[in-house]
Amino acid sequence: MANSVIKVGQEQITKMESYYNKNKIEKTPPGAVFSAKVNGCTITAYKSGKVLFQGNSAEAVAAQWGTVAQATRKQPSIAKAPNGYQPPANISNLSIIGSDEVGTGDFFGPITVVAAYVKNDQIELLKELGVKDSKNLKDPQICEIAKDLIQTIPYSLLVLHNEKYNDLQQQGMSQGKMKAILHNQAINHLLMKIDPEKPDGVLIDQFAVPGVYFNHLQGKKVYKENIYFSTKAEGVHLAVAAASIIARYSFIQEFDKLSQKAGVVIPKGAGAQVDIAAAKILQKKGSEFLATITKKHFANTEKSLKIAKK
């Protein structure tokens, strides 16, 4: 499927809406002024002034209204790069499952892992929704974007709560292995959701070299077709950015529940403020309760004990 984008003024969008009035679609994406379908081409105009044309006749229909700013076509499944796992140069235009996790460095709260599928003809829509590297977004923005995202794209979310995390850690499982298992499960769940459709590839935000990742998954069902790894993968494909936003949204929700449960506003991260909050919880609810909402092998446990005894 081809897709083309033009940038026009609000006056032009009003004209287009009037022109396509008889072809308008009732359901429109978030942020859209209108959507219409004509001659196998779907036209979606956004408040920002961008108009997205999708379908085999996209370029021709778009050309009636303005200069095409971008035209991309779905690429066929691509061969792996020389080392097997480097993303191809054109990955940003492909239909990709991206996976990412949140919460691994936080003393309080769970680890949330999300795999999200973004087709190439949804990339412009996700940009309109504000999807980008979550490190450049504040929590309220993440929550707002995620609410639209979860209604727009298929995804799989897994939450590893602290009690289970602590059990696995005490059994000798490293955090890296936990993450590998969670990423693999989320990807497999999502592949089942979208079946029989297949992505052009899978991109994992790299937390371990591929050999270590696959070693963690010995004996498990592992998807290996066109699988890629990259650090800072949120900037490589919007599927990873979308996965990160949904994972962060879930993490924020879980964090709010823990704050209510603890009766203390819990800070994120693993710094000095976290030690003070943990000490307050220790004094109020005891060490057994604290262990249920924290990664207890973190150094914060001992630091909070010392503060609580003062």
Side-chain angles (χ1 to χ4, degrees), residues 1-76 89-98 116-134 136-137 141-142 144-155 194 197 199-201 203 234-246:
M1 180 188 288
N3 78 68
S4 298
V5 178
I6 63 172
K7 179 80 174 175
V8 298
Q10 294 303 315
E11 188 177 339
Q12 184 79 321
I13 286 179
T14 302
K15 288 181 182 177
M16 293 176 73
E17 184 174 13
S18 176
Y19 182 84
Y20 291 118
N21 187 53
K22 292 181 180 178
N23 308 100
K24 283 168 74 172
I25 302 169
E26 188 174 334
K27 189 176 180 181
T28 58
V33 178
F34 76 89
S35 287
K37 192 165 186 176
V38 58
N39 298 327
C41 178
T42 302
I43 304 106
T44 307
Y46 293 93
K47 294 172 185 175
S48 64
K50 284 183 182 177
V51 186
L52 174 62
F53 299 81
Q54 298 169 278
N56 294 331
S57 59
E59 292 176 37
V61 178
Q64 297 173 16
W65 296 99
T67 304
V68 175
Q70 177 183 344
T72 57
R73 291 188 181 277
K74 187 173 182 179
Q75 303 293 330
N90 66 336
I91 192 169
S92 63
N93 290 327
L94 300 180
S95 298
I96 293 291
I97 286 178
Y117 181 42
V118 176
K119 293 190 279 189
N120 73 326
D121 59 10
Q122 294 177 306
I123 290 170
E124 287 301 319
L125 169 58
L126 263 63
K127 288 179 182 177
E128 288 295 324
L129 294 179
V131 175
K132 57 183 176 181
D133 189 335
S134 63
N136 298 323
L137 296 168
Q141 293 173 297
I142 283 171
E144 186 178 340
I145 295 167
K147 287 172 186 175
D148 288 333
L149 264 183
I150 60 179
Q151 302 295 326
T152 305
I153 59 172
Y155 69 96
I194 67 172
E197 187 172 354
D200 292 327
L203 177 62
E234 290 181 60
V236 177
H237 196 284
L238 281 183
V240 180
S244 180
I245 287 170
I246 297 171

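Because the structure is a prediction, the values reported are computed rather than measured.
- Residues Lys147 and Gln151 share a closest heavy-atom pair of O-CG, 3.4 Å.
- Considering all non-hydrogen atoms of both residues, Leu129 and Ile145 come closest at O-CG1, 3.4 Å.
- Proximity of Val5 to Leu52: side-chain heavy atoms (C-beta onward) are separated by under 4.5 Å at one or more points.
- At least one side-chain heavy atom of Ile245 sits less than 4.5 Å from a side-chain heavy atom of Leu137.
- Between Ser35 and Thr28, the shortest heavy-atom distance links the atoms N-CG2, 3.6 Å.
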List the steps and the verdict of side chain to side chain contact (heavy atoms under 4.5 Å, CB included) for Glu124 and Tyr46. CA-CA 10 Å; Glu124 287 301 319; Tyr46 293 93; 6.0 Å; no

Could you walk me through whether Asn93 and Asn120 satisfy the side chain to side chain contact (heavy atoms under 4.5 Å, CB included) test, starting with their C-alpha distance in whole Å, then the side-chain angles of each, then the deciding distance to 0.1 Å, before giving a yes or no? CA-CA 6 Å; Asn93 290 327; Asn120 73 326; 5.6 Å; no

Take Leu126 and Leu149 through the side chain to side chain contact (heavy atoms under 4.5 Å, CB included) test and state the conclusion after the steps. CA-CA 8 Å; Leu126 263 63; Leu149 264 183; 3.9 Å; yes

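- Nearest heavy-atom pair, Ile153 versus Ala116, reported as atom, atom and distance to 0.1 Å: CD1-CB, 3.9 Å.
- Closest heavy-atom contact between Ile123 and His237: CD1-NE2, 4.2 Å.
- A donor-acceptor pair under 3.5 Å links the side-chain atoms of Gln10 to the main chain of Lys47, judged by distance alone.
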Pair Lys37, Asn23 - check side chain to side chain contact (heavy atoms under 4.5 Å, CB included), show working. CA-CA 6 Å; Lys37 192 165 186 176; Asn23 308 100; 5.8 Å; no

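- Shortest non-hydrogen contact noted between Ala243 and Gly98 is CB-O, 3.5 Å.
- When side chains are defined from C-beta on, Ile194 counts as touching Pro199, because their heavy atoms get closer than 4.5 Å.
- Among Thr44, Thr152, Leu238, Asp148, the one residue that satisfies the side chain to side chain contact (heavy atoms under 4.5 Å, CB included) test with Leu125 is Thr152.
- Taking the ring centroids of Tyr19 and Trp65, they lie under the 6.0 Å cut-off.
- The 12-atom threshold is exceeded at CD of Glu17, counting heavy atoms of other residues, nucleotides or ligands nearer than 6.0 Å.
- Contact annotation: the side chain of Ile25 approaches that of Thr42 to within less than 4.5 Å [non-hydrogen atoms, C-beta and beyond].
- With a 4.5 Å cut-off on side-chain heavy atoms, Glu11 and Thr14 do not count as touching.
- At least one donor-acceptor pair under 3.5 Å links the side chain of Lys7 to the backbone N or O of Ser48.
- Here the side chain of Gln122 pairs a donor or acceptor atom with the backbone of Lys119 at under 3.5 angstrom.
- Proximity of a side-chain donor or acceptor of Gln54 to a complementary backbone N or O of Asp121 within less than 3.5 Å is detected.
- In this structure, Phe34 and Asn21 have side chains that are not in contact, with every pair of non-hydrogen atoms separated by 4.5 Å or more.
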